[in-house]
> 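Could you have a look at this structure, given as structure tokens, before my questions?
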Amino acid sequence: MAEEAKQETPAAAAEVVVAESKAEEVVAVEKAVEVEAEEKKAAEQEEEEEKKAEEAEEAAGGDEAAVIEGTGSFKEESNLVSELPDPERTALAQLKELVAAALAAGEFDLPPPPPPPPAKEEEPKAAEAPAAEEPKAQAEAEAAATEEPKTEEPKAEAPAQEEPKTEEPAKEEEPKAEAAAAAAPAAAEEPKAEAAAEEAKPAEPETEEKTVVVTEDEGTSKTVEAIEETVVVAAASEPAAAAAAEAEAAAPKEELIWGVPLTGDDERTDTVLLKFLRAREFKVKEAMAMLKAAVLWRKRFGIGAVLAADLGLPELENVVFYRGADREGHPVCYNVYGEFQDKDLYEKAFGDEEKRERFLKWRIQLLERGILDQLDFSPSGICSMVQVTDLKNSPPMLGKHRTVTRQALALLQDNYPEFIAKKIFINVPWWYIAANKMVSPFLTQRTKSKIIFCTAAKSAETLFRYIAPEQVPVQFGGLYKEDDTEFSTSDAVTELAIKPSSKETVEIPATENSTVVWELRVLGWEVSYGAEFTPDAEGGYTVIVQKTRKVPANEEPIMKGSFKVGEPGKIVLTVDNAASKKKKQLLYRFKVKSSSESA
């Protein structure tokens, strides 16, 4: 019995081990099933969200198609007067007349500053008091001239004893000079001398001239003649000065806006005035009111001072910046509000009222510098720009920035008419596109034809419709890099669409003793990529330049390669989209440099 028990014990133990292992396997399988279910659920949710985004985009795309295809896409009108329709040419001529009249009337000048507070108004009254006492002093002097000179003799000796009081004797001797002139034989000149003396009294230099010579009649008469000459010259010069001042005031001042005069023969003037007319649908009076308000705002805001100011915000260089041009030559301005995810940067820009005011000035300064540096107001020039606004990770609508954002938007709408050729919103959330459908009916057809919305999946593709990939920065799907030493915006990029479950090859011909340099990018990657060199000679060996491998989505956005060629042949780049069910977009460009260029 003991032996049977001993024999059963190992068998039972083995059964226990087997049962435990089976239990562990069951648990592992259950966990695997749970994980798989969770992944499937997450994939379904992601698919559902993508579907919603695509549906919203399709709905928005339908609206966009209705606007752009229905109107033939927005295209800037000509600024050549000879090409304008008759009603527009007439409106331009009428606006020019209104501007000239407003300049002559000083309507483009800021109103005078308000009067000082009442406390400060008392100071001028105090200053007027001595002026009011002058007639009294003059009357006392005339009365002193009629009195006997006996009382004046003791006072005349006073200056010899007390030098500090030299001013008082001089004033007292003045009546003596007048009395001496009255006693002169030429009695007919008495009124003239007195009048000349009275007119010359306010001028201190003339007073000194009278007090110097008082002893001889001849000297006195010469002094009176000198005073008369001074009065005559002054009287003659006053009308001329007044006439010059009137002429200067009557001549209208030259008024400039963005360096362009509002009147005259400058051909750029028509371009600027046409902007205001188009913004108000060629309603002349409304365009004139807008122009006048814009000029006055520029003076109140101090555009000249803002342009010259150092606002000290280098941190915002990645928030708003100019980069490249679109396919029609318009400069492109990028607005990247996702940069404000950095809390420190957000506080620096919008932390308090002073910072928000500085941000507003910085934004206006950036726009003004872009206008002056990159736009051309000649009739055949580029006088507007393209704006790209990236809404990826942008801050919520409510926040410290809300007030200044609205203020900036209002200023741009009111004072910078027709400066936007196209406004492209990229990485737009699906709910934003849906919300735009509610706002769209309130926009004019002209405005709607300039605005484009696209989700993240379509952002790069949409940008490339208007801006060449070599002009689009890497962060937005293009190939432009500031520090690129090999390629520039003058090196064109070729675009190819790779269909699902298909392969695309790019062949680059190479000459003997040359170096081939290339770069390529597949938006979203998730494809296989490889490169090889194939010689032209029969029986030559193919050289593997880049071993074929799958490139994940988070890979470096741009692949670069180079190969030194010793014999004629070609570089073959292969991109395989076999594993993806989505269409992929391939961008590439290359250069073939001779040995001397490579060195």
Side-chain angles (χ1 to χ4, degrees), residues 59-81 83-95 257-258 268-294 325-333 335 367 370-371 375-377 379-389 406 408-426 428 432-433 435-454 462-463 465-467:
D63 291 346
E64 183 182 328
V67 171
I68 295 179
E69 291 176 10
T71 59
S73 180
F74 175 76
K75 187 177 181 181
E76 287 182 301
E77 301 89 344
S78 173
N79 289 318
L80 291 168
V81 177
E83 297 180 2
L84 294 176
D86 289 340
E88 294 182 4
R89 194 182 303 127
T90 302
L92 178 60
Q94 292 174 352
L95 181 59
I257 184 168
W258 305 301
R268 298 175 301 165
T269 300
D270 294 338
T271 302
V272 170
L273 296 182
L274 283 169
K275 283 182 174 293
F276 287 90
L277 283 168
R278 287 178 176 132
R280 292 296 178 262
E281 298 179 340
F282 283 88
K283 296 174 183 176
V284 178
K285 290 184 179 180
E286 292 183 15
M288 180 62 196
M290 184 183 189
L291 174 61
K292 192 193 301 184
D326 75 344
R327 296 183 184 274
E328 296 178 355
H330 299 96
V332 182
C333 178
N335 303 273
L367 176 59
I371 291 172
L375 298 187
D376 178 10
F377 290 102
S380 57
I382 300 295
C383 60
S384 60
M385 61 184 69
V386 171
Q387 279 204 354
V388 177
T389 300
R406 285 187 173 184
L409 183 61
L411 290 178
L412 297 180
Q413 288 176 342
D414 295 341
N415 303 291
Y416 297 90
E418 296 298 313
F419 274 94
I420 302 300
K422 193 74 66 181
K423 179 80 172 177
I424 307 172
F425 291 86
I426 61 173
V428 180
Y432 194 100
I433 295 176
N436 178 67
K437 292 179 67 177
M438 300 174 65
V439 181
S440 184
F442 300 99
L443 302 176
T444 64
Q445 192 72 8
R446 183 182 180 86
T447 300
K448 284 192 287 187
S449 69
K450 295 181 180 183
I451 300 176
I452 297 144
F453 295 93
C454 51
T462 304
L463 282 179
R465 285 170 55 191
Y466 305 101
I467 309 168

> Considering all heavy atoms of both residues, which atom of Leu277 and which atom of Ala287 are nearest to each other, and what is their separation?
CD2-CB, 3.7 Å
> Go through the structure and list residues passing side chain to side chain donor-acceptor pair (under 3.5 Å) with Asn415, not counting sequence neighbours.
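With neighbours one apart ignored, the set is empty.
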> If I take atom CZ from residue Arg327 and atom OH from residue Tyr466, how far apart are they, to the nearest 0.5 angstrom?
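Output value for this atom pair is 11.0 Å.
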> Applying side chain to side chain contact (heavy atoms under 4.5 Å, CB included) to Val272 and Thr269, what does each step give before you reach the verdict?
CA-CA 5 Å; Val272 170; Thr269 300; 5.9 Å; no
> Could you tell me which non-hydrogen atom of Leu375 sits nearest to which non-hydrogen atom of Pro331, and how far apart they are?
CD2-CG, 3.7 Å
> Can you tell me how far apart CG (Leu95) and OG1 (Thr90) are? Round to the nearest 0.5 Å.
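These two atoms lie 12.5 Å from each other.
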> Checking side-chain contact (heavy atoms from CB on, under 4.5 Å) between Phe453 and each of Ile426, Ile424, Val428, Thr462, which is the one that passes?
Val428
> Which residues pass the side chain to side chain donor-acceptor pair (under 3.5 Å) test with Asp376, sequence neighbours left out?
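Once residues adjacent in sequence are excluded, the partners of Asp376 under the side chain to side chain donor-acceptor pair (under 3.5 Å) criterion are Ser378.
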> Are His330 and Glu76 close enough, and set up right, to give a side chain to side chain contact (heavy atoms under 4.5 Å, CB included), and what steps lead you there?
CA-CA 11 Å; His330 299 96; Glu76 287 182 301; 2.7 Å; yes
> To check you understand the geometry: which heavy-atom pair defines the closest contact between Cys383 and Asn79, and what is its length?
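Answer, listing the atom of Cys383 first, then Asn79: SG-ND2, 3.6 Å.
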> I need the Ser384 OG to Lys450 NZ distance, nearest 0.5 Å.
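Rounded to the nearest 0.5 Å, the OG-NZ separation comes to 7.5 Å.
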> For Asp270 and Leu84: C-alpha separation, side-chain torsions, deciding distance, then whether side chain to side chain contact (heavy atoms under 4.5 Å, CB included) applies.
CA-CA 11 Å; Asp270 294 338; Leu84 294 176; over 6 Å; no
> Can you list the residues that meet the salt bridge (Lys or Arg N to Asp or Glu O under 4.0 Å) rule with Arg268, with sequence neighbours excluded?
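Result, salt bridge (Lys or Arg N to Asp or Glu O under 4.0 Å) vs Arg268: Asp266.
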> By salt bridge (Lys or Arg N to Asp or Glu O under 4.0 Å), which residues pair with Arg89, not counting sequence neighbours?
Asp86
> Name all residues meeting the side chain to side chain contact (heavy atoms under 4.5 Å, CB included) criterion together with Leu412; count only those two or more places apart in sequence or in a different chain, and write none if there are none.
Ile364, Leu367, Tyr416
> Drop me the distance from Arg465's CZ to Lys422's NZ, to the nearest 0.5 angstrom.
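One finds 8.5 Å between CZ of Arg465 and NZ of Lys422.
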> Nearest 0.5 Å please: distance from the CZ atom of Phe276 over to the CD atom of Glu286.
14.0 Å
> Among all residues two or more places apart in sequence or in another chain, which pass the side chain to side chain donor-acceptor pair (under 3.5 Å) test with Thr447?
Thr444
> Residues in ring-ring contact (aromatic ring centres under 6.0 Å, His included) with Phe282, at least two apart?
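Not a single residue meets the ring-ring contact (aromatic ring centres under 6.0 Å, His included) criterion with Phe282.
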> Nearest 0.5 Å please: distance from the CG atom of Leu291 over to the NZ atom of Lys275.
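One gets 13.0 Å once the value is rounded to the nearest 0.5 Å.
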> Using the salt bridge (Lys or Arg N to Asp or Glu O under 4.0 Å) criterion, which residues pair with Glu77? Sequence neighbours excluded.
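Glu77 satisfies salt bridge (Lys or Arg N to Asp or Glu O under 4.0 Å) with Arg278, Arg446 only.
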> Go through the structure and list residues passing ring-ring contact (aromatic ring centres under 6.0 Å, His included) with Phe377, not counting sequence neighbours.
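Residues passing ring-ring contact (aromatic ring centres under 6.0 Å, His included) with Phe377: none at all.
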> Which residues satisfy the salt bridge (Lys or Arg N to Asp or Glu O under 4.0 Å) test with Asp326, sequence neighbours excluded?
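Expected list: none.
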> Which residues pass the side chain to side chain contact (heavy atoms under 4.5 Å, CB included) test with Pro85, sequence neighbours left out?
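Pro85 satisfies side chain to side chain contact (heavy atoms under 4.5 Å, CB included) with Pro87, Glu88 only.
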> Could you tell me which residues satisfy side chain to side chain donor-acceptor pair (under 3.5 Å) with Lys423, sequence neighbours excluded, listed by chain and number?
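Only Gln387, Thr389 meet the side chain to side chain donor-acceptor pair (under 3.5 Å) criterion with Lys423.
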